[in-house]
Amino acid sequence: MRREDTFFNRSYAMTVNGQRIEISRPLVMGIVNATPDSFNPESRADSPLQACQLTEKQLTAGANWIDVGAMSSRPGADVLPEAEEEARLLPVIQ
């Protein structure tokens with residue numbers, strides 16, 4: 001029997017920071033928002049410690065990688081100045 005040609009029957013890969021990541025199965029990305037106005041309150045982290053705790057929870061639950069955001073992308077959200085976005089983001093990723 002011939003396998004149907006679908007996304008998950010193909011071999012894909014990407015390179016992130018010099019590391020090759022195989023995408024031969026679905027992967028899960030956890031979201032940590034270092035912004036008080038994120039659409040999803042469960043993804044919000046009010047401090048670097050809370051961000052680390054949320055990251056650990058998501059990785060334990062099966063996330064393959066974590067996306068850390070510092071500016072809301074919800075409809076109607078204000079665009080932050082770069083310096084403010086960095087001030088929210090850098091303490092979390094450090």
Side-chain angles (χ1 to χ4, degrees):
M1 180 158 93
R2 185 171 168 240
R3 287 182 9 177
E4 183 180 349
D5 185 20
T6 67
F7 174 83
F8 295 113
N9 288 336
R10 297 179 189 165
S11 178
Y12 292 92
M14 65 182 185
T15 302
V16 177
N17 290 332
Q19 181 179 357
R20 184 177 168 89
I21 299 174
E22 296 292 329
I23 309 174
S24 57
R25 62 180 175 80
L27 299 175
V28 175
M29 179 169 46
I31 306 293
V32 173
N33 287 306
T35 177
D37 62 342
S38 170
F39 179 76
N40 180 1
E42 292 180 14
S43 69
R44 292 182 201 150
D46 296 327
S47 68
L49 176 60
Q50 191 176 17
C52 289
Q53 292 169 337
L54 184 55
T55 296
E56 183 176 358
K57 179 180 175 183
Q58 292 178 358
L59 291 172
T60 300
N64 298 98
W65 62 63
I66 303 296
D67 176 349
V68 181
M71 182 174 70
S72 179
S73 61
R74 68 175 169 69
D78 292 330
V79 175
L80 295 179
E82 186 176 329
E84 187 172 344
E85 187 176 7
E86 281 184 359
R88 291 178 180 181
L89 182 64
L90 292 179
V92 171
I93 62 174
Q94 288 173 344

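Reckoned from all heavy atoms, side chains included, excluding hydrogens, waters and symmetry mates. Quick note: residue numbers are just sequence positions, from 1.
In this structure, CH2 on Trp65 lies 15.0 Å from OG1 on Thr55, to the nearest 0.5 angstrom. Interatomic distance, Ile66 CD1 to Gln58 CD, rounded to the nearest 0.5 Å: 4.5 Å. Note: Ser47 OG to Gln53 CD = 7.0 Å, rounded to the nearest 0.5 Å. Between the OG atom in Ser43 and the CG atom in Asn33 there is a gap of 3.5 Å [rounded to 0.5 Å].
Partners of Asp37 under the salt bridge (Lys or Arg N to Asp or Glu O under 4.0 Å) rule, at least two apart in sequence or in another chain, are Arg74. Under the rule for a salt bridge (Lys or Arg N to Asp or Glu O under 4.0 Å), Arg44 has no partner lying at least two apart in sequence or in another chain. Considering only residues two or more places apart in sequence or on other chains, Glu56 meets the salt bridge (Lys or Arg N to Asp or Glu O under 4.0 Å) condition with none of them.
Hydrophobic side-chain contacts under 4.5 Å tie Leu80 into a cluster, directly or through other members, with Met71, Val79.
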Taking only distance into account, with no hydrogens and no angle test, what donor-acceptor pairs under 3.5 Å do side-chain atoms of residues 85-94 form with protein atoms, sequence neighbours excluded?
{"residue": "Arg88", "atom": "NH1", "partner": "Thr35", "partner atom": "OG1", "Å": "2.8"}
{"residue": "Arg88", "atom": "NH1", "partner": "Ala70", "partner atom": "O", "Å": "3.1"}
{"residue": "Arg88", "atom": "NH2", "partner": "Glu84", "partner atom": "OE2", "Å": "3.3"}

Tell me which donor-acceptor pairs under 3.5 Å the side chains of residues 14-21 have, and how far apart each pair is, sequence neighbours excluded?
{"residue": "Arg20", "atom": "NE", "partner": "Glu22", "partner atom": "OE2", "Å": "2.7"}
{"residue": "Arg20", "atom": "NH2", "partner": "Glu22", "partner atom": "OE2", "Å": "3.3"}

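In terms of heavy-atom proximity, Leu54 sits nearest to Ile31 at CD2-O, 4.2 Å. Taking both residues in full, the closest heavy atoms of Val28 and Gly62 are given as CB-O, 4.0 Å, listed atom of the first, atom of the second, then distance. For Ser72 against Ser38, the heavy-atom pair with the smallest separation is OG-CA, 4.1 Å.
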